[in-house]
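Written below as structure tokens is the structure these notes are about.
None of these values were measured; they are calculated from a predicted model. First listed ligand is number 1; within each ligand, the first listed atom is number 1.
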Amino acid sequence: MLSGKRILLIIGGGIAAYKVLDLIRRLRERGVHVTPVLTASGEEFITPLSVGALAGSRVYRDLFDLTDEAEMGHIQLSRAADLLVVAPATADMMARMAGGMANDLATTLLLATDKQVLLAPAMNVRMWRHPATERNLATLRGGGIHFVGPNDGEMACGEFGPGRMAEPLEIVAAIEAALAVGPLTGRHVIITSGPTHEPIDPVRYIANRSSGTQGAALAAALRDLGARVSFITGPASVPPPQGVDVTRIETAREMHEAVLDHLPADAAVFAAAVADWRVSNAAERKLKKDATGKAPKLDFTENPDILASVAQMTKGRPRLIVGFAAETHDVIANAEAKRTRKGCDWIVANDVSPASGIMGGTENAVTILSAAGAETWPRMSKEAVAARLAGRIAAALA
Ligand code: CTP
């Protein structure tokens with residue numbers, strides 16, 4: 001699928017640059033033409049010789065290299081590729097991109113291109129979480145830039161958290177997804193998925209039985225139709241699909257914030273099983289049994305309704321909003337009431353009573369409710385529901 005594609009690979013300055021050598025190898029194995037651009041700071045970590053040898057291509061290094069300009073101008077270089085990939089994308093590179101700067105070859109190419117751009121960020125966790133980086137991330141996302149990672153994990157600097165560059169094969173999957181051509185090419189879809197965890201104290205939480213299977217299948221199906229997918233997931237038991245931009249959250253409030261951060265979008269699908277309430281008196285320290293045997297008293301507060309808040313936006317509302325309704329009785333009547341109350345366009349209703357085996361299972365039996373009426377689909381695998389629903393979403397956005 002990638003064979004014959006041309007990738008302009010911009011290598012930023014970070015310890016993760018060493019993984020880019022493996023990325024080049026993986027891409028070449030798949031028949032991709034890789035044209036590397038090594039930034040001055042990237043060159044502090046890996047050498048032009050190793051990059052050039054693995055890529056089987058000349059390595060572009062300096063904006064003012066007149067030989068380069070004579071051979072291929074920077075405008076042409078930025079457009080000869082099918083996709084631009086920046087790996088590792090540092091905090092500084094993201095800031096310069098968000099600010100529209102063109103003060104070296106890499107940023108000039110990124111500003112001059114008419115092609116899609118994929119970023120694989122890598123930086124210290126505090127730099128990733130800094131409000132300035134968060135602002136730049138929102139600006140770049142809003143401009144339609146694709147992201148893969150960063151992943152959670154131990155970093156070269158010894159700290160732990162999000163900031164590690166995605167692995168080479170994850171970047172390959174994201175490249176495949178960015179280049180996928182289908183009816184949703186150029187569209188951005190947000191999906192929420194999985195359960196939320198609402199803390200009781202630092203070690204205990206309230207959760208539900210959602211496995212995240214339906215949301216993950218839908219994200220994969222939309223990706224396969226060419227969509228850029230922002231996948232916002234609670235602690236699910238199935239892994240997120242490859243090739244989508246994953247944001248992991250725990251609580252309903254974090255999920256709400258993440259959804260707002262990923263707008264604008266053409267469509268939003270709310271497949272998550274969000275906890276309706278959170279414990280308002282969650283303890284800072286682990287709750288201990290006391291000698292009297294008295295159980296602790298938990299107070300509850302209602303969580304924000306993420307679906308309703310986005311469906312009722314007066315400005316910037318995604319064109320299509322799809323909710324799910326998990327019901328144990330009066331499925332259709334309850335779901336239709338939910339659709340009108342929340343203000344979404346479609347509701348995918350399903351029966352989650354224990355006898356149905358749907359929650360946490362591999363199959364689903366759904367009814368799609370819209371202004372046009374109700375349509376019941378036969379029981380089928382969650383992948384089949386996802387493929388059919390993705391097709392409907394593509395048709396609605398066409
Ligand atoms: N939802 C949401 N935010 C919430 C609660 C629900 O975004 N705080 C979304 C779910 O992702 C789903 C839809 O709303 O798409 C319906 O969820 P469901 O749990 O079935 O409905 P509730 O709002 O909990 O309504 P009820 O308690 O009446 O079943």
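Protein residues are said to neighbour a ligand when one of their heavy atoms lies under 4.0 Å from it; for ligand 1 these are F270, A272, V274, D276, P304, D305, I306, L307, G323, F324, A325, A326, K338, R341, K342.
Under a 4.5 Å side-chain heavy-atom cut-off, the cluster of Ile, Leu, Val, Met, Phe, Trp and Tyr residues that includes L369 is completed by I332, I347. I249 belongs to a hydrophobic cluster whose other members, connected by ILVMFWY side-chain contacts under 4.5 Å either directly or through intermediates, are I190, I232, M255, V259, L260, L263, F270, V274, I306, L307, V310, M313, I321.
When each of R228, R141, H146 is tested with D245 by the rule side chain to side chain donor-acceptor pair (under 3.5 Å), just one qualifies, namely R141.
Comment: R204 does not engage E198 in a salt bridge, judged by the lack of any side-chain N to carboxylate O separation of less than 4.0 angstrom.
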Side chain to side chain donor-acceptor pair (under 3.5 Å) evaluation trace for S57 with H33
CA-CA 8 Å; S57 155; H33 302 281; over 6 Å; no

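Applying the salt bridge (Lys or Arg N to Asp or Glu O under 4.0 Å) test to residues at least two apart or on different chains, the pairs with a partner in residues 344-360 are R317-D345.
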